[in-house]
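Heads up: numbering here begins at 1 and tracks the sequence.
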Amino acid sequence: RNASHLANPGSQFAYFWDGRATDLTTQVTMPVQNHVEMGFHNLDDLAHRLDQLDYYAPLFEAAFGDPTTSVSRIQDALSTFLQCMVSCSSAADQAFATAMPEFWDPWGVMDGTITLEGLSALERQGFQLFHGKAQCANCHGGVHFNGWGMDFADIGLDPVTSNSAGQDPVNTGGVFGGWGPTAMKVPSLRNVALTAPYMHDGRFATLDDVLDHYSDGIQDVPSLDMRLRTWNNNSGFGGEDVLIDPFFPVVDLEDAPPIRLNFSEDERVALKAFLHSLTDYAFV
């Protein structure tokens, strides 16, 4: 698995690619217990280990009022530190703060009532594509571009096994029970230009590789997320690429093939320009 980046973990509601942790305080010690990471089968052993290190006692006393080391205090300290990792100063963030100071309103940008001053014409075009033709916001919606921190999707990476990448699926649910055993968490796209490689298994080295996948590489697997299928006139809605509630599809899967967005070179350049505008150099 590709290690997730740590921008704005406090804005998420599910952790790990399979969403098996739903609370940051619990999540922080799960890697400590994992047998391929730190291997503490009993977290009390971790607290005992920290007791042997002289420099921790004054730190625990400063944080909690006395030097007692405990698992809950370790979890509180680690999760509090992670919640301080706030990325909010990218060029896009500054434009959003000026144009949408009250609430997140990409629809206003799309209909022309809001202008993202501070972004270049190319970056603004990328924002329009992201929320329009490219359909990125169908999954990566919200101010953190992470599906509001609780979304999962099978994006058709492999012809047969899809997101499980040939391994036994381990998805145990996430907040809403997950979207199937091969569905993976939708990650935040903040600082995405700096967080290669991409996907849950790190298979894509560049943003161009990612765009290649969404342009014409999505595989037609039964577990493919409904948002990545083309709903044509057979849906009864009379339009193309209609977003359908994934729990109540109105046509059989055979009638809804994977989308083929077929990005032009100009569209790819604009999308990458917008994604680069999400880089927060102050945070880095």
**Q** Thr98: which residues meet the side chain to side chain donor-acceptor pair (under 3.5 Å) condition with it, sequence neighbours left out?
**A** none
**Q** What pair of heavy atoms forms the shortest contact from Phe263 to Ala134, and how long is it?
**A** CE2-CB, 3.7 Å
**Q** Within the supplied structure, the quantity of interest is the number of heavy atoms (other residues, nucleotides, ligands) at a distance under 6.0 Å from Tyr198 OH; does it exceed 12?
**A** yes
**Q** Mind listing the closest non-hydrogen atom pair of Gly147 and Val186 along with its distance?
**A** N-CG1, 4.4 Å
**Q** For a quick test of reading the model, state the closest non-hydrogen atom pair linking Pro31 to Phe16 and the distance between them.
**A** CD-CZ, 4.1 Å
**Q** Give a yes or no on whether the backbone of Val32 and the side-chain of Thr29 come within a donor-acceptor separation of less than 3.5 Å.
**A** no
**Q** Relative to each other, are the rings of Trp104 and His131 parallel, tilted or perpendicular (30° and 60° limits)?
**A** tilted
**Q** Identify which one of Asp280, Asn146, Asp93, Thr279 satisfies the side chain to side chain donor-acceptor pair (under 3.5 Å) criterion when paired with Arg190.
**A** Asp93
**Q** Taking transitive links into account, so neighbours of neighbours count too, which hydrophobic residues share a cluster with Leu122 at under 4.5 Å side-chain distance?
**A** Val269
**Q** Please work out which of the three classes, parallel, tilted or perpendicular, describes the rings of Phe127 and Phe274, given edges at 30° and 60°.
**A** perpendicular
**Q** What heavy-atom pair brings Phe283 and Val86 nearest, and what distance separates the two atoms?
**A** CD1-O, 3.4 Å
**Q** Does any part of the side chain of Ile218, heavy atoms only, come nearer than 4.5 Å to the side chain of Arg260, both counted from C-beta?
**A** yes
**Q** Quick one: does Leu157's side chain get under 4.5 Å of His200's, heavy atoms only?
**A** yes
**Q** Determine yes or no for a side-chain-to-main-chain donor-acceptor pair under 3.5 angstrom, with Ser215 supplying the side chain and Asp212 the backbone.
**A** no
**Q** Pairs in or reaching into residues 62-72: which pass side-chain hydrogen bond (donor to acceptor under 3.5 Å, both in side chains), with residues at least two apart or in two chains?
**A** Asp51-Thr69, Asp66-Thr68, Asp66-Arg73, Ser70-Ser72
**Q** Do Gln27 and Leu82 pass the side chain to side chain contact (heavy atoms under 4.5 Å, CB included) test, and can you show the C-alpha distance, the side-chain angles, and the key distance before you say yes or no?
**A** CA-CA 11 Å; Gln27 181 275 331; Leu82 288 176; 4.3 Å; yes
**Q** Could you tell me which non-hydrogen atom of Ile155 sits nearest to which non-hydrogen atom of His213, and how far apart they are?
**A** O-NE2, 2.9 Å
**Q** State whether a side-chain donor-acceptor pair under 3.5 Å links Asn8 with Ser188.
**A** no
**Q** Tell me whether Asn2 contacts the main-chain N or O of Met199 through its side chain, where contact means a donor paired with an acceptor under 3.5 Å.
**A** yes
**Q** Testing the 3.5 Å rule here: is there a donor-acceptor pair between the side chains of Asp111 and Thr113?
**A** yes
